[in-house]
Each structure stands twice: as C-alpha cells, then as structure tokens.
Amino acid sequence: MTSTPERERPSPEGAESLADLLGGRRGTVDATLPPVAFAVGWLVAGLWGGVVAAVLAAAALAGWRLRRGDRPRAVLIGLLAVCVAALVALRTGRAADFFLVQLVSNAASALAWAVSIVVRWPLLGVVVGAALGQRARWRRDPALLRAYARGSWVWAGTYLLRVAVFVPLWLGGQVLALVVARVALTWPLVAAALAVSWVVIRRSLPAGHPGLRHPVAPSAADTGPEK
C-alpha cells in the first residue's frame, strides 16, 4: 500500500496477512480435512469409524503444523476442536452432531463481529490494525473507523450464511451435505469476503484519504470528543 491522493488499493501483502488471520489458505486444509475424513470413516465403519478417522487426520495435521513451526497454541486449539466435536457426536450417537461445534462457533462469531461494530471496535479494524502494527491508532480516524465498521458487516454476514446453511442440514442429519457445505464455505467464502470487504473499505474512504497505513487523526479544533 502506498500513499496517493486517490483511494488506496490494498497490497497483496496486506490482503494475505488478513487472509491468514481470518482463516485463509493456511486454514483451509485444517478446516476441511477432518470433516472429510469423518465422512469417509462414517460411510465405511459407522460413527466410531468417522470419529477415529477425523481425530487421526487432525492429529496428523497438528504434527505437520508443529514441524512447520506454527504456533503450538493455534495448532492445539484446532486439534482440541476436532476432539470436542468427536466427543459430542459419540455422546449423542448422532453423526451430524460432529458439526454442532462448528455451527455454534459460527453463530458465536457472527454475534462477536456484530457486537464489535456496535461498540465501535470493528474486528476488521482490530485485525488489520494489528497486522499493520498500528494498535488502536486507526480508531482515531473517523473515516477509517466507519470504513472498518462497514467492512466488518461483510464478515459478520459470512458467519450468518454458514449458520443459515448448516442449521437445516444439521437438523435433517445430512452428514454428507454438511461436509460439502463445510468445504464450500471455507476458503471460497473467505476469499469472497476478503474481496468484498476491501471494496467496501475503499469506497467508504473519502477522496484524498492517505489509506489504511496512514490513519488521519482529526485535530481537537475540527472535531469534538470521540464517541
């Protein structure tokens, strides 16, 4: 990203950082391989076969991530999520309940993104600000704050979309359809949200704004106290 009189076009570096932080390409395999393994195991050997296949796939991914030098905490959280999903399915005896943790997680994420906008700490600004090393300086720029809030609604919408798709499939016990939905609504949906949210942010910034890397803090003479 560079400072120009025109609206800023986000650089590939900035977009990739946001993709990583919001579960982009690196998270695609982690999010899709265990459910696919679960479905295969379930078709071959029933519920226990699906659970064992999913946990083994998640454990193999965790080992691979650790060897690559990924953060242990993030790796273990991913493995724990699969283990909890497996335990829920075993507890209820219903294969579709393997996806219940994912459904609840998306509902909670949608709520968190919406609340962050209402309290004027839009999560898109938090993520991008952290990626750019700005901490909370972007909040002192009313234009950026407004742009990040609008862009954050795009991400809240992605979680709501997943919930809207997952709930009827889960209620109907459609295990294979849930796997397909899980795969289709992972990276493709994230990629679409990245593109749309960047467009929303750029169009929300006024002409002449220096861009995401350069928050403009208004002087006290121009504005009153920040609300």
Checklist line | Joint cluster assignment, L178 & L100, ILVMFWY side-chain distance < 4.5 Å | finding: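 Looking at the clustering, L100 is in the same group as L178.
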Margin query: Show every salt bridge (charged side-chain N to carboxylate O under 4.0 Å, His left out) that has at least one partner inside residues 82-95, sequence neighbours left out.
Written below: R94-D97
Notebook entry, point to check: Between P142 and R140, what is the shortest heavy-atom contact and its length?
Noted result: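 Taking every non-hydrogen atom into account, CD-O, 3.4 Å.
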Next item on the list: Could you tell me the separation between the CG atom of L212 and the OH atom of Y148, rounded to the nearest 0.5 Å?
Entry: 4.0 Å
Item checked: side chain to side chain contact (heavy atoms under 4.5 Å, CB included) involving A81 - partner list, sequence neighbours excluded ->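 Counting only residues at least two positions away or on another chain, A81 forms no side chain to side chain contact (heavy atoms under 4.5 Å, CB included).
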Margin query: Using only atom types and a distance under 3.5 Å, with no angle test, would you say the side chain of S152 pairs donor to acceptor with the backbone of L124?
Written below: yes
Check: Which pairs count as ring pair (Phe, Tyr, Trp, His ring centres under 6.0 Å) when at least one residue sits in residues 83-109, sequence neighbours excluded?
Finding: F38-F98
Notebook entry, point to check: Looking only at atom types and distance, does a side-chain atom of S116 sit under 3.5 Å from a main-chain N or O of L123, one as donor and one as acceptor?
Noted result: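 Yes, because the side chain of S116 sits within donor-acceptor range (under 3.5 Å) of the backbone of L123.
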Item checked: Audit row: L43, L176, side-chain contact (heavy atoms from CB on, under 4.5 Å) steps and yes/no -> CA-CA 9 Å; L43 288 172; L176 297 182; 4.0 Å; yes
Next item on the list: Work out which heavy atom in G151 is nearest to a heavy atom in S197; give both atom names and the distance.
Entry: O-CB, 4.0 Å
Check: Given the rule that I, L, V, M, F, W and Y join up when any side-chain heavy atoms are under 4.5 Å apart, are V36 and V175 in one cluster?
Finding: yes
Check: For W198, is the NZ or CZ atom of R202 found under 6.0 angstrom from the centre of its six-membered ring and inside 45 degrees of the ring axis?
Finding: no
Item checked: Minimum heavy-atom distance G211-L144, with the two atoms named ->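 The answer is O-CD1, 4.5 Å.
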Next item on the list: Name all residues meeting the side chain to side chain contact (heavy atoms under 4.5 Å, CB included) criterion together with L90; count only those two or more places apart in sequence or in a different chain, and write none if there are none.
Entry: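 L90: side chain to side chain contact (heavy atoms under 4.5 Å, CB included) contacts with L47, W48, V51.
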Item checked: Pairs involving residues 72-86, ordered by first then second residue, that meet side chain to side chain donor-acceptor pair (under 3.5 Å) (sequence neighbours left out) -> none
Note to self: Please find the pair of heavy atoms, one from T158 and one from A193, that lie closest to each other, and give the distance.
What the structure shows: CG2-CB, 3.6 Å
Next item on the list: Decide whether Y159 and V183 are clustered together by the hydrophobic rule: side chain heavy atoms of Ile, Leu, Val, Met, Phe, Trp, Tyr closer than 4.5 Å, transitively.
Entry: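 No, no single cluster joins them.
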Checklist line | Hydrophobic cluster (4.5 angstrom, side-chain heavy atoms) - remaining members for V75 | finding: L66
Notebook entry, point to check: Can you name the closest pair of heavy atoms from A143 and L205 and give their distance?
Noted result: O-CD2, 3.8 Å
Item checked: Cluster overlap V200 with V118, hydrophobic side-chain contacts below 4.5 Å -> no
Margin query: Tell me whether W170 shares a hydrophobic cluster with L189, the cluster being built from Ile, Leu, Val, Met, Phe, Trp, Tyr side chains joined at under 4.5 Å.
Written below: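 Yes; L189 is reachable from W170 via cluster members.
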Check: To the nearest 0.5 Å, what is the distance between NE2 (H209) and CD1 (I201)?
Finding: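 That separation rounds to 11.0 Å.
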Report, one line per pair, each donor and acceptor closer than 3.5 Å where one atom sits in a side chain of residues 160-167; sequence neighbours left out.
residue, atom, partner, partner atom, Å
R162, NE, L185, O, 2.7
R162, NH1, N106, OD1, 3.3
R162, NH2, L185, O, 2.9

Next item on the list: Taking side chain to side chain contact (heavy atoms under 4.5 Å, CB included) as the test, write out the residues that go with V84, two or more places apart.
Entry: L80, V88, V101
Next item on the list: Would you please name every residue forming a side chain to side chain contact (heavy atoms under 4.5 Å, CB included) with W121, sequence neighbours left out?
Entry: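 Side chain to side chain contact (heavy atoms under 4.5 Å, CB included) check on W121 returns V119, V126, A136, W138, R139.
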Notebook entry, point to check: Rounded to the nearest 0.5 Å, what separation is found between the CZ atom of R65 and the CZ atom of R71?
Noted result: 12.0 Å
Notebook entry, point to check: Do you know which two heavy atoms are closest between A57 and P34, and how far apart they sit?
Noted result: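 Closest pair (atom of A57, atom of P34, distance): CB-CA, 4.3 Å.
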Next item on the list: Sequence neighbours left out, what passes salt bridge (charged side-chain N to carboxylate O under 4.0 Å, His left out) with R146? Give chain and number order.
Entry: none
Notebook entry, point to check: Rounded to the nearest 0.5 Å, how far does OG of S109 lie from CH2 of W155?
Noted result: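 Output value for this atom pair is 11.5 Å.
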Next item on the list: Scan residues 171-184 for pairs that pass side chain to side chain donor-acceptor pair (under 3.5 Å), counting only residues two or more places apart or in two chains.
Entry: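 Sorted result for residues 171-184: Q102-R182.
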